[in-house]
Amino acid sequence: MNVLVIGSGGREYSIGMALKKDENVDKLYFAPGNGATDELGENLSISDFSELADFCEENSVDLTIVGPEAPLVDGIVDLFEERGLTIFGPSAQAAQLEGSKIFMKNFLARHNVPTAKYIETDSLEDAYKFIMTLEAPIVVKADGLCGGKGVIIAQSHDEAKKAAGEMLSGNSFGDAGTSIVVEEFLDGYELSVFAICDGEDYVVLPAAQDHKRLLNNDQGPNTGGMGAYAPTPLVNDEIYRKLDERVIVPTLEGMKAEGMPFKGVLFIGVMVVNGEPIILEYNVRFGDPECEELMPLLKSPASELFYKAATGDLKNATIEFHDKYAVGVVMASKDYPYKNSAPAEIIVDEIVHDEIFKEHAHISYAGVSREEDGKLYATGGRVLVCVGLGDTIAEAQQRAYMLVGQVHYAGKQCRTDIAYQALNE
Ligand code: AMP
Ligand code: GLY
């Protein structure tokens, strides 16, 4: 089959890698892709949804997989389906689970899914009143999509009030902050759980753990994610069971009952507090960098998983995973996440004399461009992810960091402790 992947990050590169090694896949396209996806398939410079649908019709594309949330929220799935095209992702209506924190919070309340105590409001006075009922730290969030940066964890009541004021006045996040959510701080460990859904049935992927903060030991500012690993031993059968019963089933049943059956990846951001999974948020797409570790763990053909989910046929799929661990270390540019850095040439040393390492480590490229000289340059905030696979987390981590040592560009930065929570267990 011919497959189109929408997006340009390391997430889409890793989906592309999984499709590339799948015998059922003939042609692979990316829109827009990045400077390295052109090694896996063909990059298209089309962004208009109707023109993408035209391309799919004209080039017999059998399946489109949407990576990022923005096209989902903007209705790409609705448009493709109206035109009879097969596409993996939720409708615009269902994508509100990520697109609007207020929609998500109200949905969780309607369906009794455990989440932090909160209010949504556009009134500064109400926000102040609620802030005074909580103990610090206090979480203040803008309602709309702000690329993961719309969350402030205030260390005092005054700081929380200031954040609420700035968001509501439109100073910090523009229109995304005209309504806010104020919520209690959850103190526990964070997980990323993904369910691939077809509207009726679902498959839960091995649970992953991301590292959101820039610096070792979870210090420094929040980022899009500096590394992840899966499966995490922090999840036992009991937690999987609670997630299933209290979160996934009520969510999917609720979406169906409300007339917007969920199809695509449901990304459940979970905080485990004293053994109880509590929902931080939903996203309607794969996590990045979690996807870069989950794709190589997939044993079944990637096209089968995505096609069957897109066509409501997951009950006829047996999805298997390798009995291995994956650790992914994000290498970012010099000034990430504060500002863009000057383009820097990337040089990767060839791996020689070690076939096992070669087979168990690879790079997923993200913020890169290929210049006219044919070379790859680091151009984005998060440049690439070094992924190691192993029979233990320690082995996978060691391979990921060996690969980090092979990669060179000016100003490279990465955390050196990815997967530490699992290794300290
Ligand atoms: P969100 O955009 O809602 O995912 O929030 C981004 C990050 O902020 C999360 O991944 C958490 O690390 C942190 N966070 C959000 N809400 C809370 C909360 N209620 N308690 C503790 N940490 C939170
Ligand atoms: N890694 C977290 C995210 O993609 O939102």
Side-chain angles (χ1 to χ4, degrees), residues 7 9-12 14-15 67-70 72 97-105 108 114-120 130-131 134-155 160 163 167 173 176-177 180-194 205 207-214 218-230 232 265-274 276-295 328-330 332 337 364 366 381-382 385 415 418 421:
R11 169 179 53 205
E12 289 75 21
S14 70
I15 294 173
E69 62 276 18
L72 296 167
L97 276 185
E98 172 163 3
S100 164
K101 286 196 194 297
I102 290 169
F103 174 88
M104 180 262 296
K105 279 291 199 180
L108 292 176
T115 186
K117 241 187 344 188
Y118 74 103
I119 54 156
E120 53 147 300
F130 188 71
I131 285 168
L134 300 174
E135 277 178 38
I138 295 161
V139 184
V140 185
K141 302 182 179 189
D143 181 39
L145 293 175
C146 352
K149 302 195 184 74
V151 178
I152 305 284
I153 298 176
Q155 297 303 327
M167 279 186 201
F173 299 107
I180 59 168
V181 170
V182 179
E183 72 181 27
E184 88 184 286
F185 177 76
L186 299 173
D187 195 6
Y189 58 87
E190 205 171 336
L191 302 173
S192 301
V193 178
F194 299 89
L205 306 188
Q209 194 174 39
D210 187 14
H211 300 63
K212 293 242 162 71
R213 302 291 200 96
L214 182 69
D218 298 324
Q219 302 296 309
N222 258 328
T223 68
M226 292 301 290
Y229 68 95
T232 169
V265 197
L266 182 68
F267 169 176
I268 308 160
V270 181
M271 194 71 90
V272 180
V273 184
N274 301 324
E276 301 300 315
I278 302 184
I279 301 315
L280 277 178
E281 60 159 358
Y282 286 126
N283 295 301
V284 297
R285 46 148 182 105
F286 273 112
D288 191 346
E290 292 93 324
C291 190
E292 287 92 319
E293 292 74 54
L294 292 171
M295 284 299 116
V329 178
V330 169
S364 233
R382 290 187 295 171
V385 186
R415 279 179 61 157
I418 300 303
Q421 286 195 46

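Just so you know, ligand 1 is whichever comes first in the structure, and atom 1 is the first atom listed for that ligand. As the structure is a computational prediction, the values presented were derived from the model and not from experiment.
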Relative to atom 22 (N) of ligand 1, which among E98, R213, M271 owns the nearest non-hydrogen atom?
->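 Looking at heavy atoms only, M271 sits closest to atom 22 (N) of ligand 1.
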So which of E190, K212, K141, M104 gets nearest to atom 12 (O) of ligand 1, if we judge by its closest heavy atom?
->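 The option holding the nearest heavy atom is E190.
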Does G225 come within less than 4.0 Å of ligand 2, judged by its heavy atoms?
-> no
Find all atoms of ligand 2 within a distance of less than 4.0 Å from any non-hydrogen atom belonging to [X], and give their numbers and elements.
| X | answer |
| --- | --- |
| E290 | 1 (N), 2 (C) |
| G287 | 4 (O) |
| F267 | 3 (C), 4 (O), 5 (O) |
| P289 | 1 (N) |

Under-4.0 Å salt bridge between K141 and E183 | yes
Salt bridge check: are E98 and R285 linked by an N-O gap of less than 4.0 Å?
-> yes
Where the side chain of [X] meets the backbone of [Y], is there a donor-acceptor pair that is under 3.5 Å apart?
| X | Y | value |
| --- | --- | --- |
| H211 | G227 | yes |
| E292 | S14 | no |
| R213 | G225 | no |
| R382 | D288 | yes |
| Y229 | Q209 | no |
| E12 | G9 | yes |

I'd like to check which ligand 1 atoms, numbered from 1 as shown, lie under 4.0 Å from a non-hydrogen atom of [X].
| X | answer |
| --- | --- |
| E183 | 16 (N), 17 (C), 18 (C), 19 (N) |
| L186 | 18 (C), 19 (N), 20 (N), 21 (C) |
| F185 | 20 (N), 21 (C), 22 (N) |

Geometric N/O contact [X] with ligand 2, under 3.5 angstrom:
| X | result |
| --- | --- |
| D210 | yes |
| G224 | yes |
| R285 | yes |

Give a yes or no on whether the ring-centroid distance for Y282 and F267 is below 6.0 angstrom.
-> no
Could you tell me whether E292 approaches ligand 2 through its side chain, its backbone, both or neither, with non-hydrogen atoms closer than 4.0 Å?
-> neither
